Amino acid sequence: MFSRFFIERPIFASVLSIIIVIAGAVAFRSLPISQYPDIVPPTVTVSANYPGATAKILSDTVAQPIEEQVNGVEGMLYMSSTCSNSGQYQLNITFATGTDLDMAAVRVHNRVASAEPLLPEDVKRLGVTTLKQSPTFILIACLTSSDPRMDELFLSNYATLNLKTEIARLEGVGNVIVWGAGRYSMRVWLDPDKLKVRGLTTNDVVLAIQEQNVQVAAGQIGQPPAAENSSFQYVINTPGRLADVREFEDIVIKTDATRLTRLKDVARIELGAETYDMT
């Protein structure tokens, strides 16, 4: 009966429809907009790297101290971790839906900081990172080249230098991981027989490289307080970190009364990949 009233009066129904449309358009800007609710639990990821360690060693020396401290952090639902034979450790902590992710990351970071004194020196030197990110991948992209000079090492290094930071700045991106050969790195391949003949150990080589491959702040000449007759002030620039194979080859490992033992005498040095764990 009610619909029949408008069917028999089409002009009235049309005018009424136009008025409703205009009223809706006017009120559209002031109407509240409800966004999608948070349905995915927030996640905080803790990652560390222990070069040369197996999954068992990584679990005992890195995973156990960190997880003992992180376990029971406020708002946590559960956590899961992975230890690989390449020395990579990752811990994913899942929080209850609606938890402030910024505060969750701060709480996890504080718990990880309390566990850092118990970690191996190599892990502390490389750093333990805490990020508020989901372990789920959004996109996987692959770089290729038809130029034979641009091998996987070149492409991995190119992605690290030119693409990683650009993509990480995009809204909604939690982290960018570059798989493959990684960055360029100076590789030192030691000859154990030559080390034995010269009475050297691998620690001697490592210490020599660390001592001579440093950036030194040499200071200034003529900096106040200086002599009264000093008219100029000079900044001293010294050679910084070593850059090529030849400079690494000339690192002095041992000195005695008759000769110098350099790194090239006991090792082969080349510019290679940071890691060969993945291809």
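Predicted, not measured: the structure shown is a model, and the values here were computed from it. One is the number of the first residue; the rest follow in order along the sequence. Values reported hereafter were calculated over all heavy atoms of this structure, with side chains retained and with hydrogens, waters and symmetry mates removed.
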Do T261 and V252 have side-chain heavy atoms sitting under 4.5 Å apart? no
Candidates V73, L77, T43 - the one meeting side chain to side chain contact (heavy atoms under 4.5 Å, CB included) with F95: V73
Checking the side chain of K254 only, and the main-chain atoms of R198 only, is there a donor and an acceptor separated by less than 3.5 Å? yes
Any chance you could lay out the side-chain hydrogen bond (donor to acceptor under 3.5 Å, both in side chains) test for S114 and Q69, step after step, and finish with the verdict? CA-CA 7 Å; S114 63; Q69 296 296 328; 3.2 Å; yes
With rounding to the nearest 0.5 angstrom, report the CG to CD1 distance, L242 to I209. 9.0 Å
For E74 and R107, run salt bridge (charged side-chain N to carboxylate O under 4.0 Å, His left out): C-alpha distance rounded to whole Å, both residues' side-chain angles, the deciding distance at 0.1 Å, then the answer. CA-CA 8 Å; E74 183 179 350; R107 296 189 186 104; 3.4 Å; yes
Minimum heavy-atom separation for D204 to G199, with atom names? OD2-O, 4.4 Å
Value for CD1 (I251) from CD (Q210), rounded to nearest 0.5 Å, stands at 10.5 Å
Do you know the tightest heavy-atom contact between L91 and S81? CD1-CB, 3.8 Å
From R111 CZ over to M76 CE, what is the distance, rounded to the nearest 0.5 angstrom? 9.0 Å
K196, NZ: over 12 other non-hydrogen atoms inside 6.0 angstrom: no
Within a strict 4.5 Å, meaning less than it, do heavy atoms of the T94 and M79 side chains meet? no
Is a donor on one side and an acceptor on the other found under 3.5 Å between the side chain of N162 and the backbone of Y158? yes
Within this structure, what is the CD-CD1 distance for the pair E211 and I253, rounded to the nearest 0.5 Å? 9.5 Å
One pair to check against side-chain hydrogen bond (donor to acceptor under 3.5 Å, both in side chains): T45 and N92. What are the steps and the verdict? CA-CA 5 Å; T45 301; N92 299 318; 3.2 Å; yes
Is the backbone N or O of L153 less than 3.5 Å from a side-chain atom of S156, with the two atoms forming a donor-acceptor pair by type? no
List the atom of N213, the atom of R241, and the distance in Å for their closest heavy-atom pair. O-NH1, 3.2 Å
Test your reading of the model: is there a side-chain donor-acceptor pair from T99 to the backbone of L101, 3.5 Å cut-off? no
Might you confirm whether atom CD1 of I11 has over 12 heavy atoms from other residues, nucleotides or ligands at distances under 6.0 Å? no
Does V108 form a side chain to side chain contact (heavy atoms under 4.5 Å, CB included) with V106? I'd like the steps, not just the answer. CA-CA 5 Å; V108 172; V106 170; over 6 Å; no
According to a hydrophobic-cluster definition based on side-chain heavy atoms being under 4.5 Å apart (Ile, Leu, Val, Met, Phe, Trp, Tyr only), do I20 and F12 belong together? yes
Taking a hydrophobic cluster as the set of Ile, Leu, Val, Met, Phe, Trp and Tyr residues connected by side-chain heavy atoms closer than 4.5 Å, whether directly or through intermediates, do Y184 and V178 fall within one such cluster? no
Is the shortest side-chain N to carboxylate O distance from D244 to R246 below 4.0 Å? no
Salt bridge or not for D250 and K264, using N-O below 4.0 Å? yes
Test item: Q233 side-chain N/O and I221 main-chain N/O as donor-acceptor pair under 3.5 Å: no
For the side chain of R262 and the backbone of E249, is there at least one donor-acceptor N/O pair under 3.5 Å apart? no
Donor-acceptor pair, side chain of N71 and main chain of E67, under 3.5 angstrom: no
Treating Ile, Leu, Val, Met, Phe, Trp and Tyr as nodes and any side-chain heavy-atom pair under 4.5 angstrom as an edge, say whether V123 and L118 lie in one connected cluster. no
Any idea which heavy atoms bring I269 and V245 closest together, and the distance? O-CG1, 3.5 Å
Short side-chain to backbone donor-acceptor contact, S59 and K56, under 3.5 Å: no
State, yes or no, whether a side-chain contact exists between I177 and N175 at a heavy-atom distance under 4.5 Å. yes
Treating S17 as the side-chain partner and A13 as the backbone partner, does any N or O pair qualify as donor plus acceptor under 3.5 Å? yes
Consider only side-chain heavy atoms of I, L, V, M, F, W and Y, link residues closer than 4.5 Å, and tell whether L170 and V176 are in one cluster. yes
Would you say the side chain of V44 lies within less than 4.5 Å of the side chain of T130, judging by non-hydrogen atoms? yes
What distance do F248 atom CZ and M186 atom CE have between them, rounded to the nearest 0.5 Å? 5.0 Å
SB check E166 K164 (cutoff 4.0 Å): no
I'd like to know whether the aromatic ring centres of W179 and F137 sit less than 6.0 Å apart in this structure. yes
Honestly curious: do L119 and V46 fall in one hydrophobic cluster under the side-chain, below-4.5 Å linking rule? yes
With side chain to side chain contact (heavy atoms under 4.5 Å, CB included) as the criterion, how do Y89 and I66 come out once you've worked through the C-alpha distance, each side chain's angles and the decisive distance to 0.1 Å? CA-CA 11 Å; Y89 168 73; I66 292 178; 4.0 Å; yes
Does the side chain to side chain contact (heavy atoms under 4.5 Å, CB included) test come out yes or no for E270 and W189, once each step is laid out? CA-CA 8 Å; E270 66 177 9; W189 306 97; 3.1 Å; yes
Side chains of P120 and V62 in contact at under 4.5 Å (non-hydrogen atoms): yes
Would you name the heavy atoms of D60 and P65 that are closest together and state the gap between them? O-CD, 3.9 Å
Full working for side-chain hydrogen bond (donor to acceptor under 3.5 Å, both in side chains) between T160 and N157: CA-CA 5 Å; T160 301; N157 189 70; 5.7 Å; no
Q88 side chain to S84 main-chain N or O, any donor-acceptor pair under 3.5 Å? no
Please lay out, stage by stage, how L271 and R187 fare under the test side chain to side chain contact (heavy atoms under 4.5 Å, CB included). CA-CA 6 Å; L271 182 62; R187 309 290 298 193; over 6 Å; no
Would you check if I93 and V70 make a side-chain contact, meaning some heavy-atom pair closer than 4.5 Å? yes
Short N-O contact, D122 and R125, less than 4.0 angstrom: yes
So CD1 of I19 and OG of S14: to nearest 0.5 Å the spacing works out to 11.0 Å
Return the minimal non-hydrogen interatomic distance between A55 and C83, and the atom names on each side. CB-O, 3.6 Å
